[in-house]
Asker: 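A single structure is presented below for examination.
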Amino acid sequence: MPVDTTAVIAWGSGEDGQLGLGDNEEKEWVSSITSLNSATVRSVVAGSRNSLAICDDGKLFTWGWNQRGTLGHQPSTKTENIPSQVKALDNVKIIQAAIGGWHCLAVDDEGRAYAWGGNEYGQCGEELEKKGESGRTLRRDIVIPQRCASKLSVRQVAAGGTHSVVLTHEGHVWTWGQPWPPGDIKQISTPVRVQGTGDTQPRSQPVPVQGLSGLKLIDVAAGGWHSTALTDEGEVYGWGRGEHGRLGFGDDKSSKMVPQQVQLLAGEDIIQVSCGGTHSVALTRDGRMFSFGRGDHGRLGYGRKVTTGHPCEVPIDLKSPKDGELGRWCATYVACGGRHTLALVKWKDMEVDEMI
């Protein structure tokens, strides 16, 4: 029988079962989601109070808070602390998914998008609404995933608190729902194409982010009130609200209107950064993870509940796949949620020169 050399790990708040560990306890240290050991997970998504995993074969698993049908399956429950497959999507191959405030989106390998969960702002799309006698949209929850944006060939989906966004294969961006705060943006339940800062005003049109010109960016990430950008040289830039040290600048209160480099991560060769509600995690090329930000509920993953703006390494203290085998667990992907974090890890055998 082959030895499993990959694992899905979790830490942080578990009050809604979002860690997938079979209980609702918080974890200050990395724990393995053993119920996913038999599946080959390719990616994970952490929401504010729930989580999902996508497998190589396109199967989708969800767990956590479910009062609005966010897990996408019946029977309807308050919370679920063990990952279970979304049976309604069993006949399609899901390649990417997103979690919003209390709704989810997914896209399959044929460019078809699906939505489920809360729909009172039209965030699940035009095909899911019903008109009452007054002609007004009825607010309801979508418990079972259904098609959305059916006229579009979708490449990628993204979900905000109460709105949805898709990127099509033609390179166009479409959105629907109700952004928060609304500002000058009106609620829409039919997808509309986005035509497309230095301040705090809401925008209905995209604007260039100041301070990043001349940099070759390979990834961006957005959290509750902060954002990061990653360059091709492994440099991290952060901006937004700085309370709790979520920007990684060494303090716990400095906010940045314009992106600035996170010097405390300089030289670490970062390949991914994920932003949660009030914390962040950076992943290095050699598979190490550094967390920073708010420390309560164990969300930093190294046994301390101290809030810090200084990135500290998250120990991946799991058993080796085979007793006595030398090596270490290396993270390959990380996803921050509201108060918890998920990551994919792979076992790396120790090279001969490392043993000498």
Side-chain angles (χ1 to χ4, degrees), residues 9-16 18-19 25-31 44-51 64-65 99-101 159-161 180-181 197-200 202 209 211 219-230 235-266 268 270 272-284 288-315 331 334-343:
I9 60 174
W11 68 90
S13 174
E15 62 180 342
D16 294 297
Q18 62 264 52
L19 297 184
E25 303 296 324
E26 66 182 44
K27 304 296 180 182
E28 298 179 12
W29 302 90
V30 163
S31 298
V44 289
V45 179
S48 60
R49 301 169 67 179
N50 44 29
S51 307
W65 187 74
I99 302 176
W180 186 91
T197 60
D199 59 36
T200 59
V209 177
D219 196 17
V220 293
W225 299 92
H226 68 299
S227 302
T228 59
L230 181 64
E235 299 172 338
V236 178
Y237 287 77
W239 67 99
R241 295 182 63 164
E243 297 97 330
H244 309 294
R246 74 192 89 179
L247 296 180
F249 291 127
D251 59 54
D252 60 359
K253 55 188 176 182
S254 295
S255 297
K256 305 297 181 185
M257 302 291 286
V258 177
Q260 294 187 21
Q261 185 178 354
V262 182
Q263 294 292 345
L264 293 175
L265 289 172
E268 292 293 349
I270 306 299
Q272 188 209 346
V273 180
S274 183
C275 300
T278 51
H279 74 294
S280 307
V281 179
L283 172 65
T284 68
R288 293 172 297 135
M289 294 182 292
F290 291 86
S291 64
F292 44 98
R294 191 167 179 173
D296 59 345
H297 297 284
R299 74 188 81 196
L300 297 184
Y302 49 79
R304 297 178 61 196
K305 296 183 178 181
V306 178
T307 293
T308 178
H310 290 267
C312 296
E313 186 172 351
V314 179
V334 63
C336 291
R339 295 191 293 181
H340 73 295
T341 304
L342 306 175

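By convention here, the first residue in the shown sequence is residue 1. Just so we're clear, the structure is a prediction, and the values are computed from it rather than from any experiment.
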Asker: Does Asn50 have any side chain to side chain donor-acceptor pair (under 3.5 Å) partners at least two apart in sequence or in another chain, and if so, which?
Answerer: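 Side chain to side chain donor-acceptor pair (under 3.5 Å) check on Asn50 returns nothing, list empty.
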Asker: Taking the side chain as every heavy atom from C-beta outward, state whether Ile9 and Met289 have any pair of such atoms under 4.5 Å apart.
Answerer: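 Yes - at least one pair of side-chain heavy atoms lies under 4.5 Å apart.
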Asker: Test of understanding: with side chain to side chain donor-acceptor pair (under 3.5 Å), list the residues that count as partners of Glu268, not counting sequence neighbours.
Answerer: Arg288
Asker: Determine whether Glu28 and Arg304 satisfy the following criterion, salt bridge (Lys or Arg N to Asp or Glu O under 4.0 Å), listing intermediate values before the conclusion.
Answerer: CA-CA 7 Å; Glu28 298 179 12; Arg304 297 178 61 196; over 6 Å; no
Asker: Working to the nearest 0.5 Å, report the span between CZ of Arg241 and CG of Leu247.
Answerer: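 If I round to the nearest 0.5 Å, the distance is 11.0 Å.
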Asker: Can you measure from NZ (Lys27) to CG (Leu19) and round to the nearest 0.5 angstrom?
Answerer: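 Nearest 0.5 Å value for the NZ-CG distance: 8.0 Å.
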Asker: Backbone N or O of Gly242 within a donor-acceptor pair of the Ser255 side chain at under 3.5 Å?
Answerer: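 Here the side-chain-to-backbone pair exists.
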Asker: Under 3.5 Å, is there a donor on one side chain and an acceptor on the other for His279 and Thr307?
Answerer: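 There is no such pair (donor and acceptor under 3.5 Å, judged by atom type) between the side chains of His279 and Thr307.
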Asker: Which pair of non-hydrogen atoms, one from Val273 and one from Ala221, has the smallest distance, and what is that distance?
Answerer: O-CB, 3.3 Å
Asker: Would the distance check show the side chain of Gln272 and the main-chain N or O of Val334 forming a donor-acceptor pair, the cut-off being under 3.5 Å?
Answerer: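 Here the side-chain-to-backbone pair exists.
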Asker: What's the shortest heavy-atom distance between Thr341 and Arg299, and which atoms?
Answerer: OG1-O, 4.0 Å
Asker: Compare all side-chain heavy atoms of Arg246 with those of Trp225 and state whether any distance is below 4.5 angstrom.
Answerer: yes
Asker: For Gln18, does its backbone N or O pair with a side-chain atom of Asp16 as donor and acceptor, under 3.5 Å?
Answerer: no
Asker: Identify, with sequence neighbours excluded, every residue that meets salt bridge (charged side-chain N to carboxylate O under 4.0 Å, His left out) alongside Lys256.
Answerer: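 With sequence neighbours excluded, Lys256 shows a salt bridge (charged side-chain N to carboxylate O under 4.0 Å, His left out) to no residue whatsoever.
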Asker: Would you compute the distance between atom SG of Cys312 and atom OH of Tyr302 and round it to the nearest 0.5 angstrom?
Answerer: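 That separation rounds to 4.0 Å.
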Asker: What are the two closest heavy atoms between Leu265 and Pro311, and how far apart are they?
Answerer: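 Shortest heavy-atom contact: CD2-CB, 3.8 Å.
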Asker: Atom NE2 in His340, atom CH2 in Trp11: separation rounded to 0.5 Å?
Answerer: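 That separation rounds to 10.5 Å.
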Asker: What pair of heavy atoms forms the shortest contact from Val314 to Leu300, and how long is it?
Answerer: CG2-O, 3.4 Å
Asker: Going from CD1 on Ile99 to OG on Ser51, what distance comes out if it is rounded to the nearest 0.5 angstrom?
Answerer: 6.0 Å
Asker: If you look at every heavy atom in Ala266 and Gln261, which pair is closest and at what distance?
Answerer: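 Looks like CB-NE2, 4.3 Å.
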Asker: How close do His310 and Leu264 get, counting heavy atoms only, and between which atoms?
Answerer: ND1-CD1, 3.7 Å
Asker: Is it the case that the side chains of His226 and Ser280 hold a donor-acceptor pair, with the cut-off being a distance below 3.5 Å and no angle test?
Answerer: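 Short answer, yes.
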Asker: Do Ser227 and Trp239 make a side-chain contact, defined as non-hydrogen atoms from C-beta onward lying under 4.5 Å apart?
Answerer: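 Heavy-atom side-chain distance check passes, below 4.5 Å.
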Asker: Can you tell me how far the CG atom of Leu283 sits from the CZ atom of Phe290, to the nearest 0.5 Å?
Answerer: 10.0 Å
